[in-house]
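First up is the structure itself, then whatever we jot down about it.
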Amino acid sequence: MKRHERVVSVPHETVDRQPSLKGRRVPVLPAIVRRDEFAAVVIRTDYTDEPAWQAVVADLMQSWGEDGEFEARVHLVDDPVWAGVAPDEIRTAVSRDETLSVVFVVDRVTVQSFQRALLALDVWGEEEDLDPMYYQELIDSPLPREFRTCPAAVHDVHANLSLGNLYFEEFAEAASLDPEGVLMPL
């Protein structure tokens, strides 16, 4: 049986959104609660194309693995309060969840693209306070914090990052090798 969860806002568990660079005040985002740690977290930020959203969800619910041996487990965040939220705001909102290594975003690019490529976001904090004496190369060339992935690759990315089998930048590099810049199933 395939499994997914729809999330409803929980008013008493919220994360403040930072004021944007344009100086406008932004609303409070709900925390993502009661999620199965083995489920990939998918946040919907675009509400312009319901059939495209449904197509992405259907693709995400397909069994995965070499022979389709693994059940799809997805935690869907489908709440209009997330509409138009920027990647950095998403990272801030999910940063309290120490077990979460990646979130996938269904944004305008996703619903408008043929491949329905989701935005994968590295949610672990950037290394701050690095000593330039030892880490100048990393400071000068920070690691990628996002890449695009087709729905069929979401579960592989989530599982491997959660288990620590691969690093986020390895997936980002693989995506960059694709002519469309989209990670395809491994």
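The figures that follow rest on heavy atoms only: side chains count, while hydrogens, waters and symmetry mates do not.
Here the side chain of E89 pairs no donor or acceptor atom with the backbone of P87 at under 3.5 angstrom. Proximity of a side-chain donor or acceptor of D67 to a complementary backbone N or O of E69 within less than 3.5 Å is not detected. Judged by distance alone, the side chain of H155 and the main-chain N or O of S63 form no donor-acceptor pair under 3.5 Å.
Counting heavy atoms from C-beta on, the side chains of L118 and V56 come closer than 4.5 Å. Side chains of R91 and E146 form a contact here, defined as non-hydrogen atoms less than 4.5 Å apart. In this structure, D36 and H75 have side chains that are not in contact, with every pair of non-hydrogen atoms separated by 4.5 Å or more. Between L121 and V102 there is no side-chain heavy-atom pair separated by less than 4.5 Å. Between W53 and D46, every side-chain heavy-atom pair lies at or beyond the 4.5 Å cut-off. For the pair I43 and V106, the minimum side-chain heavy-atom distance is 4.5 Å or more.
Hydrophobic cluster membership is shared by V41 and V81, with clusters built from Ile, Leu, Val, Met, Phe, Trp and Tyr side chains linked at under 4.5 angstrom. Hydrophobic clustering (ILVMFWY, side-chain heavy atoms < 4.5 Å, transitive): V157 and M184 are in distinct clusters. Clustering ILVMFWY residues whenever any of their side-chain heavy atoms sit less than 4.5 angstrom apart, transitively, puts Y47 in a cluster other than the one holding V111.
Using a 30° and 60° split on the angle between ring planes, F147 and F168 fall in the tilted class, from 30° to 60°.
Checked against side chain to side chain contact (heavy atoms under 4.5 Å, CB included), D107 has the following partners two or more places apart in sequence or in another chain: T45, V105, V109, T110, L119, R148. Residues forming a side chain to side chain contact (heavy atoms under 4.5 Å, CB included) with E173 (at least two apart in sequence, or on another chain): S176. For D59, the side chain to side chain contact (heavy atoms under 4.5 Å, CB included) partners are P151, not counting sequence neighbours. Here F104 pairs with nothing under the ring pair (Phe, Tyr, Trp, His ring centres under 6.0 Å) rule; sequence neighbours left out.
The hydrophobic cluster of F114 has no other members, since no ILVMFWY side-chain heavy atom comes under 4.5 Å of it. Cluster partners of W64, using a side-chain heavy-atom cutoff of under 4.5 Å among ILVMFWY residues and allowing indirect links, are F70.
Counting non-hydrogen atoms of other residues, nucleotides and ligands closer than 6.0 Å to CD of E50 gives a total above 12.
For the atom pair S101 OG and H158 NE2, the distance stands at 6.0 Å (nearest 0.5 Å). Note that the CG atom of L183 and the CD atom of E170 stand 11.5 Å from one another [nearest 0.5 Å]. Between atom OG of residue S95 and atom CD1 of residue I90 there is a gap of 12.5 Å, rounded to the nearest 0.5 Å. A distance of 12.0 Å separates CG of L60 from CZ of R116, quoted to the nearest 0.5 Å.
Contact check on E169 versus R145 returns no salt bridge, with no Lys/Arg side-chain nitrogen under 4.0 Å from an Asp/Glu carboxylate oxygen. By the 4.0 Å N-to-carboxylate-O rule, E37 lies too far from R73 to be salt-bridged with it.
A donor-acceptor contact closer than 3.5 angstrom is absent between the side chains of D122 and Y167.
Closest heavy-atom contact between T149 and A120: CG2-CB, 4.3 Å.
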